[in-house]
Amino acid sequence: QVQLVESGGGLVQPGGSLTLSCAASGSIFDTYDMGWYRQAPGKERDLVATITSIRRNSRIFYAESVKDRFTLSRDDAKNTVYLQMNSLTPEDTAVYYCNAVQTWPRDEYWGQGTQVTVSS
């Protein structure tokens, strides 16, 4: 069983920055792809950014809406994934979730979510 614990959410003004962290309970980055998703009120949960596992070459993908503003990184020694968010807008307001997924055999985990609110 893998546990994912997110932190770093909060209230920030438009144009500001936040860094989210997702700590995994074990060394899973060899085989698990890691990702950040977000869900705004009344909307579906959308992909924000992902990084594939070490075995799958640690490739990073960003949703078009956050490209050039958000940066995903991973510290393998700390079993932690980060999401640096810059130039935040009210449209970025959502609950942000960390995700870990192994493609084979299929296995998936979610964090509890952390609220990000962008407002003046």
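All of these numbers come straight from a predicted model, not from anything done at the bench.
- Interatomic distance, Leu47 CG to Phe61 CZ, rounded to the nearest 0.5 Å: 5.5 Å.
- Distance check: Phe29 CZ to Thr80 OG1 gives 6.0 Å after rounding to the nearest 0.5 Å.
- Shown here for Ala100 and Ile28, the closest heavy-atom pair between the two residues is CB-CD1, 3.9 Å.
- We find the CG-CZ distance between Asp33 and Arg55 to be 12.0 Å, quoted to the nearest 0.5 Å.
- Using a 4.5 Å heavy-atom threshold, the side chains of Val116 and Asp92 count as separate.
- The line from CD1 of Ile51 to CG of Leu83 is 11.5 Å long, rounded to the nearest 0.5 Å.
- Taking the six-membered ring where tryptophan is involved, the planes of Tyr96 and Phe70 are tilted, since the angle between them lies from 30° to 60°.
- In plain terms, the two heavy atoms of Ala94 and Gln115 that are nearest each other are O-NE2, 3.4 Å.
- Listed here is the closest heavy atom pair of Trp36 and Cys22: CZ2-CB, 3.6 Å.
- With 3.5 Å as the limit, one finds no donor-acceptor pair spanning the side chains of Asn99 and Tyr97.
- Under the 3.5 Å distance criterion, with hydrogens and angles disregarded, no donor-acceptor pair is assigned to the side chains of Ser120 and Gln13.
- Within the 3.5 Å criterion, the main-chain N or O of Glu6 finds a donor-acceptor partner in the side chain of Gln112.
- The minimum heavy-atom distance between Asn86 and Ser17, with the atom names listed, is OD1-OG, 2.9 Å.
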Chi angles and distances behind the side chain to side chain contact (heavy atoms under 4.5 Å, CB included) call for Trp110, Cys98: CA-CA 6 Å; Trp110 290 92; Cys98 182; over 6 Å; no

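- Formation of a donor-acceptor pair under 3.5 Å by the Asp75 side chain with backbone atoms of Ala77 is found in this model.
- A donor-acceptor pair shorter than 3.5 Å cannot be found between the side chains of Asp46 and Gln39.
- Note on Tyr109: it clusters hydrophobically with Leu20, by side-chain heavy-atom contacts below 4.5 Å among ILVMFWY residues.
- With Thr93 contributing its side chain and Thr117 its backbone, the two residues share no donor-acceptor pair below 3.5 Å.
- Side chain of Ser25 to main chain of Gln3: a donor-acceptor pair is present (N/O by atom type, distance under 3.5 Å, no hydrogens or angles).
- Summarising the geometry, atom CZ belonging to Arg38 is positioned 8.5 Å from atom CE belonging to Met85; distances are rounded to the nearest 0.5 Å.
- The main-chain N or O of Ser58 is found under 3.5 Å from a side-chain atom of Thr52 such that the two form a donor-acceptor pair.
- Remark: Met34 CE to Ile60 CD1 distance equals 12.5 Å, nearest 0.5 Å.
- Between the side chain of Arg74 and the backbone N or O of Val81, no donor-acceptor pair lies under 3.5 Å.
- Minimum heavy-atom separation, Ser119 to Pro14: C-CD, 3.6 Å.
- Heavy atoms only, all atoms of each residue included: Thr31 and Ser53 are closest at C-CB, 3.5 Å.
- When hydrophobic clusters are built by joining Ile, Leu, Val, Met, Phe, Trp and Tyr residues whose side-chain heavy atoms come closer than 4.5 Å, directly or via intermediates, Leu88 is grouped together with Tyr62.
- For the 3.5 Å distance criterion, the side chains of Asp107 and Tyr32 qualify, holding a donor opposite an acceptor.
- Cluster membership for Val95 and Tyr37, using ILVMFWY side-chain heavy atoms within less than 4.5 angstrom, is shared.
- Hydrophobic cluster membership differs between Leu4 and Tyr82, with clusters built from Ile, Leu, Val, Met, Phe, Trp and Tyr side chains linked at under 4.5 angstrom.
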